[in-house]
Amino acid sequence: MTDSTGARLRVAPSPTGDPHVGTAYMALFNLAYARKAGGKFALRIEDTDRARFREDSEQQIFESLRWLGLDWDEGPDVGGPYAPYRQSERLETYRPHVERLIAEGHAYYCWCSPQRLAELRDAQAKSKQADTGYDRLCLGMTRDERAKLPGFSDTPVVRMLIPDDAPLTFSDVIRGAVKAPRPDDQVILKADGFPTYHLAVVVDDHLMGITHVVRGEEWISSTPKHILLYRWLGWDVPAFAHMPLLRNQDKSKISKRKNPAARLLWFRERGYLPEALRNFLQLMGYPCEEGHEVTSFAEFVDGFEWSKVNTVGPVFDLKKLDWLNGAYIRALSDDELAARIEEHLRYAGTWGEAVPARHREILRQGAPIIKERLVTLDEALPKLGFLLADDDDFLAGWESDESMREARGGLRDDAVQVIDAAVDALAGLADWNADALHETLQAALVDGLALKPKFAFAPVRVAVTGSRVSPPLFESMAILGRDSCLRRLRALR
RNA sequence: GGCCCCGUCGUCUAGCGGCCUAGGACACGGCCCUCUCAAGGCUGAAACGGCGGUUCGAAUCCGCUCGGGGCUACCA
C-alpha cells in the first residue's frame, strides 16, 4: 500500500504467461489490509527478468485479478502518482542508487563469468563446506587487474558487499521476530543493465511510498539483503508480512507441474465462481468464525488482522472449494445463475457470441431445477443437454450414445406398460405444468399400476431425459413441453 | 550439505497453563426426507509427531529429537 497506510502488491509475469494462484492469494490479503487501513493498493509489474518475459502475461494478470474482484488503485493500466508501474520502464531510476552504493563502498563490480560462478558453486557443494556464496575474487580489483585472471567476463555485474555485522533479524507482522540466513554478496545489477528483484523492490517500494510488503515466506531469507539496502540508502524500512506458502497435496510449494489449480485461470475455465474462489483463498491460513466459512469480502476486511494469519502452509483441498462454489451458486437468483452459466459457456468457447433465444430461454427456465445440483458452472450444460437438444438429435442418441443405451438397458421389463400408461394419461392432460404432471402420472402409474414411485417414474425419466439421473422429472417435462415429451415417450416405447 | 521457517482430525482451522473426556467446517459412514441425483436435517468415526523438562496442572512454556517446507541464481 502506499502513502501513510496501505500495502503494495507485487506481481511478476510468469514464464508461461499464466498468472499463478499464489499471486491472487497474496493480492487478496494485501487488498484486505489496504482497505482495512484506508490505504492504497498498488499493482506493480516486476519484469526485470528478460529471459522469462512473456508478451501476453501482463494482460492475463490484469484480466484474472479483475475477474477475482481484486481491483488495484494504482497500476500500469490505471496509472497513479508513482508511474511508471513496470520495472522495465524504470531502469534509469535504479542506476543512480547503484552508483551511490558503489561510491560509498557498499557495492562493487564483479567480472566473474557465469561459468566461473557455476564452477565455484559446484566445488562448494561438493566440499560440503558450511560457508557458501561468492568468494569475492573481484572485490577491490580494477577491471584491468581482474582481466588477467581466468573466468573473466567483459560486462560486469554489481554486487552488494555484505558486512560481517549485517542484521539478521527483523520483525514480521505475521510471525513476530524472525531470524533469517546470513546473505551472500547478492548481485543487484545484472550484466544486461537490469536490476535484480532485490534492488528494484527496495528502490520502488521506497519511491512509491510502500508501507507494507506482503509476499510469500520464500522471501524471508532475502529480507536481510533488503534491510541492508534500506539502511545504506538512508530509507525507512517498511513492515513485512510473509504469508505462508500454498502447498500441493505432498506439501511442496504449490506448482503448476504438480497441481493444475496452481494456474489462476484454471478456476475460471472450470466454472468456479470468483466469489467462491476468493472466499476459499481467504480460508487458507486464516480462521473464520465457527460455522461461518461463507463470508463476504467486506466481512473479511472488517475483522482483518495480520496476527490472525497462520504460519503453516495450507494444503490446497479442492473439495472445500467445490462445496463453497455450490453454496455460492445456490445463493444466486435464478436469472443471475442463468446469466453466469451463459457467460461461462461463452468464456469457455462452448457457445459463441450469438446465443439462440431458445437456448437462453431454456437456461433461464432450467436454472432453478439444476441450481442445487451444480458444483461448478461447467456442469450445467450436461445436466440441461436433454432440454437443449431438439427431438431428432435427442432420438438419434438411442443409437449413437453409449450412456443412453445403458440407461435404456437398465430398465425393468414392465417399462413398456409403464410408458403406455403414461402416454395414455398424458395425451389428454389439459394443463401442462409440473404439478399437473405429477398428479397425473402419480395416479396413472403409482396408483393405477400399483408401482413404487421409484419404478413408476424411472421409464418416463429415461424416455424423456435419456438418463436414469436427471433434474426433477415433472419440472423437466414442463419445460420440455407436451409435444416433445410425448414424442420421446412414444419413441422409446 | 549449510542457513532459515513450520508441526492439532485425511484437509482448512479454533485453542494462546486449568473452561479440552480438544470445538467448527469440508470430505467420509449411518439414518431421515425423497420421482432419480442433489440440496436439507439428525448422527457417527476421525487429531495435539516423539521424548524429556518447568508447573499443583500442559495441545498451550523450554530443550532435544523426528518430520515437512523454503532459500542457498546475473529467477522472481
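The structure presented is a predicted model; accordingly, all values stated were derived computationally and were not measured. Naming: A, B, ... by sequence-line order, numbering from 1 per chain. As a basis for the values below, the full set of heavy atoms in this structure was taken, side chains included, without hydrogen atoms, waters or symmetry mates.
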Task: Most 5' of Ser222(A) and Pro181(A) on RNA chain B, judged by nearest nucleotide - done: Pro181(A)

Open item on the list: Is Arg159(A) close enough to C74(B) that one of its side-chain N or O atoms is under 4.0 Å from OP1 or OP2 there?
Closed with: yes

TODO: Report which part of the nucleic acid Glu475(A) touches: base, sugar-phosphate, or nothing (heavy-atom distance under 4.0 Å, all strands).
DONE: base

TODO: Choose from G1(B), C5(B), A76(B) the nucleotide whose nearest atom is closest to any side-chain atom of Glu218(A).
DONE: A76(B)

Open item on the list: Can you confirm whether more than 12 heavy atoms, excluding those of Glu439(A), are under 6.0 Å from its CD atom?
Closed with: no

Open item on the list: Without decimals, in angstroms, what is the distance between Leu437(A) CG and U36(B) P?
Closed with: 17 Å

TODO: Can you tell me the distance, in whole Å, between the CZ atom of Arg54(A) and the P atom of A76(B)?
DONE: 17 Å

TODO: Using the P atom as the reference point in each nucleotide, state the distance between G67(B) and C51(B) in Å, no decimals.
DONE: 16 Å

Task: Atom-pair distance (CD on Gln282(A); P on A25(B)), nearest Å - done: 18 Å

Task: Between C28(B) (P) and Trp323(A) (CH2): distance, integer Å - done: 13 Å

- [ ] If C66(B) has a Watson-Crick or G-U wobble mate with both distances under 3.5 Å, name it; if not, just say none.
- [x] G7(B)

Open item on the list: Categorize Thr48(A) for me: base, sugar-phosphate, or nothing, with a 4.0 angstrom heavy-atom threshold over every strand shown.
Closed with: sugar-phosphate

Open item on the list: Could you check whether any side-chain heavy atom of Trp432(A) comes within less than 4.5 Å of a side-chain heavy atom of Thr440(A), counting everything from C-beta outward?
Closed with: no

TODO: Go through the side-chain N and O atoms of His20(A) and Arg263(A) and say whether any donor and acceptor fall under 3.5 Å apart.
DONE: no

TODO: Take atom C1' in G7(B) and the same atom in U60(B), then report the distance between them in whole Å.
DONE: 14 Å

Task: Lys190(A) bridged to Asp192(A) by N-O distance under 4.0 Å - done: no

Task: Separation between the P atoms of G15(B) and C61(B), rounded to whole Å - done: 13 Å

Open item on the list: Please determine whether a side-chain nitrogen or oxygen atom of Arg330(A) lies at a distance below 4.0 Å from atom OP1 or OP2 of G40(B).
Closed with: yes

TODO: Kindly point out which of G7(B), C35(B), C4(B) is positioned nearest to the side chain of Arg461(A)?
DONE: C35(B)

TODO: Would you mind classifying the nucleic acid contact of Leu245(A) as base, sugar-phosphate or nothing, using non-hydrogen atoms under 4.0 angstrom?
DONE: sugar-phosphate

Task: Nearest-angstrom distance, P atom, C16(B) to C20(B) - done: 11 Å

Open item on the list: For a quick check of understanding: with a heavy-atom distance under 4.0 Å over all strands, which category does Ser470(A) fall into, base, sugar-phosphate or nothing?
Closed with: base

Task: Arg215(A), Glu218(A), Arg175(A) screened by side chain to side chain donor-acceptor pair (under 3.5 Å) with His242(A), the one that passes - done: Arg215(A)

Any protein N or O atoms within reach of nucleotides 12-16 of chain B? Criterion: under 3.5 Å, listing atom names and distances.
from, atom 1, to, atom 2, distance (Å)
C12(B), OP1, Val315(A), N, 2.7
C12(B), O2', Leu283(A), O, 2.8
C12(B), O2, Lys320(A), NZ, 3.4
U13(B), OP1, Gly285(A), N, 2.1
A14(B), OP2, Asn310(A), OD1, 3.4

Open item on the list: Check this for me: does the side-chain of Arg182(A) come within 3.5 Å of the base of C3(B) through a donor and an acceptor?
Closed with: no

Task: Interatomic distance at P, G23(B) relative to A59(B), whole Å - done: 14 Å

TODO: Give Phe474(A) one of three labels, base, sugar-phosphate or nothing, depending on what nucleic acid heavy atoms sit under 4.0 Å from its own.
DONE: base

Open item on the list: Using a 6.0 Å cut-off, check whether atom NZ of Lys454(A) has over 12 heavy atoms from anything other than its own residue.
Closed with: no

Open item on the list: In whole Å, I'd like the distance from the NZ atom of Lys258(A) to the C1' atom of G68(B).
Closed with: 12 Å

- [ ] State, without any angle test, whether Thr196(A) and Gln186(A) hold a side-chain donor-acceptor pair at a distance under 3.5 Å.
- [x] no

Task: Integer-rounded Å distance: C5(B) P and Ile174(A) CD1 - done: 15 Å

Task: Under 3.5 Å on both distances, the Watson-Crick or G-U partner of G18(B) - done: C56(B)

Task: Donor on one side chain, acceptor on other, Tyr85(A) and Asp204(A), under 3.5 Å - done: no

TODO: Searching all strands shown, indicate the nucleotide that pairs with G1(B) (Watson-Crick or G-U wobble; both distances under 3.5 Å).
DONE: U72(B)

Task: C1' spacing across the pair C9(B) / U54(B), given as an integer number of angstrom - done: 29 Å

Task: Lys190(A) side-chain N/O to C75(B) phosphate OP1/OP2 under 4.0 Å - done: yes

Open item on the list: Just the rounded figure in Å: distance from C1' of A38(B) to NZ of Lys383(A).
Closed with: 8 Å

Open item on the list: Is the positively charged end of Arg278(A) above the ring of Phe297(A), judged by distance under 6.0 angstrom from the centroid and angle within 45° of the axis?
Closed with: no

Open item on the list: What I want to check is whether the side chains of Ser88(A) and Asp47(A) have a donor and an acceptor closer together than 3.5 Å.
Closed with: yes

Task: Pairwise C1' distance for U13(B) and G52(B), with rounding to whole Å - done: 30 Å

Task: Sugar-phosphate, base or nothing in reach of Pro244(A), heavy atoms under 4.0 Å - done: nothing

Open item on the list: Under 4.0 Å from OP1 or OP2 of G69(B): is there any side-chain N or O of Lys253(A) that close?
Closed with: no

Open item on the list: On RNA chain B, does the nearest nucleotide to Pro156(A) precede the nearest nucleotide to Arg373(A) from the 5' side, or the other way round? Give the residue.
Closed with: Arg373(A)

- [ ] Determine the Euclidean distance between corresponding P atoms of C19(B) and C31(B); express it in Å to zero decimal places.
- [x] 36 Å

TODO: Please give the nucleotide sitting opposite U34(B) as a Watson-Crick or G-U wobble pair, both distances under 3.5 Å, or none.
DONE: none

Open item on the list: Whole angstroms only, please: what is the NZ-C1' distance between Lys454(A) and C37(B)?
Closed with: 13 Å

